Amino acid sequence: EIAANPDNVFHMFRRQQHRTFRKPLIVASTKSLFRHKLCRSPIEDMGPNTRFQRVLGERDPEIAANPEKVDRLIFCSGKVYYELLEK
């Protein structure tokens with residue numbers, strides 16, 4: 001699993017605990033990511049009726065409102081995402 005934000009880490013561990021069978025959980029993420037100032041999740045993202053998100057949507061409202069202006073898509077996760085976001 002790749003968890004790029006705190007709420008997905010929460011859901012990943014919760015899903016692992018609630019499964020009816022046990023299998024190893026391999027987490028491909030660095031702990032330093034969660035000390036990053038932009039890596040935050042509101043508590044509502046960890047509440048009832050929420051779940052692990054395999055793909056996260058665009059968080060920039062300007063880009064989300066004008067998808068036709070996008071020239072290039074970059075698929076990344078974790079620390080790389082936050083480094084690109086700062087630029």
Side-chain angles (χ1 to χ4, degrees):
E1 299 283 343
I2 297 177
N5 55 14
D7 62 295
N8 261 359
V9 171
F10 169 79
H11 290 299
M12 180 178 59
F13 287 137
R14 184 176 70 174
R15 182 178 62 188
Q16 179 76 5
Q17 249 340 89
H18 288 281
R19 285 196 167 154
T20 57
F21 58 93
R22 293 287 177 242
K23 67 179 186 176
L25 175 64
I26 298 170
V27 180
S29 181
T30 61
K31 290 188 293 184
S32 66
L33 169 66
F34 300 109
R35 290 190 287 271
H36 195 285
K37 63 184 176 194
L38 295 175
C39 185
R40 301 285 182 256
S41 294
I43 194 72
E44 296 81 29
D45 289 350
M46 297 176 224
N49 301 318
T50 59
R51 59 186 311 169
F52 185 84
Q53 298 175 9
R54 292 187 183 274
V55 177
L56 302 176
E58 178 57 54
R59 294 184 176 198
D60 184 327
E62 185 178 336
I63 295 172
N66 301 301
E68 66 280 350
K69 293 183 179 179
V70 174
D71 295 335
R72 185 181 328 162
L73 288 176
I74 300 174
F75 290 92
C76 60
S77 67
K79 193 173 179 181
V80 174
Y81 170 79
Y82 291 104
E83 287 174 357
L84 290 172
L85 189 61
E86 285 183 322
K87 290 186 178 185

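Because the structure is a prediction, the values reported are computed rather than measured. The figures that follow rest on heavy atoms only: side chains count, while hydrogens, waters and symmetry mates do not. Quick note: residue numbers are just sequence positions, from 1.
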Query - Gln16 side chain to Lys23 backbone, donor-acceptor under 3.5 Å - result: yes
Report task. Report yes if the side chains of Phe13 and Leu25 come closer than 4.5 Å at any heavy-atom pair, otherwise no. Result -> yes
Query raised in the report: Is there a path from Tyr82 to Leu84 through hydrophobic residues (I, L, V, M, F, W, Y) whose side chains come within less than 4.5 Å of each other?
Result: no
**Report entry** Over 12 foreign heavy atoms within 6.0 Å of CZ, Arg22
**Finding:** yes
Query raised in the report: Is the closest side-chain heavy-atom distance between Glu86 and Lys37 below 4.5 Å?
Result: yes
Query raised in the report: So how far is it from Arg40 CZ to Asp7 CG, rounded to the nearest 0.5 Å?
Result: 13.0 Å
Query raised in the report: So, does Asp60 use its side chain to make a donor-acceptor pair with the main chain of Glu62 at under 3.5 Å?
Result: yes
Query raised in the report: If we only count heavy atoms from C-beta on, is the Leu73 to Phe75 side-chain gap below 4.5 Å?
Result: yes
Query raised in the report: Checking side chain to side chain contact (heavy atoms under 4.5 Å, CB included) for the pair Arg19/Arg14: CA distance, chi angles, key distance, verdict?
Result: CA-CA 9 Å; Arg19 285 196 167 154; Arg14 184 176 70 174; over 6 Å; no
**Report entry** Side-chain heavy atoms of Pro6 within contact of Val9, under 4.5 Å
**Finding:** no
Query raised in the report: Atom CZ in Phe10, atom CG in Asp45: separation rounded to 0.5 Å?
Result: 11.0 Å
Query raised in the report: Given side chains that start at C-beta, do those of Ile63 and Val70 come closer than 4.5 Å, heavy atoms only?
Result: yes
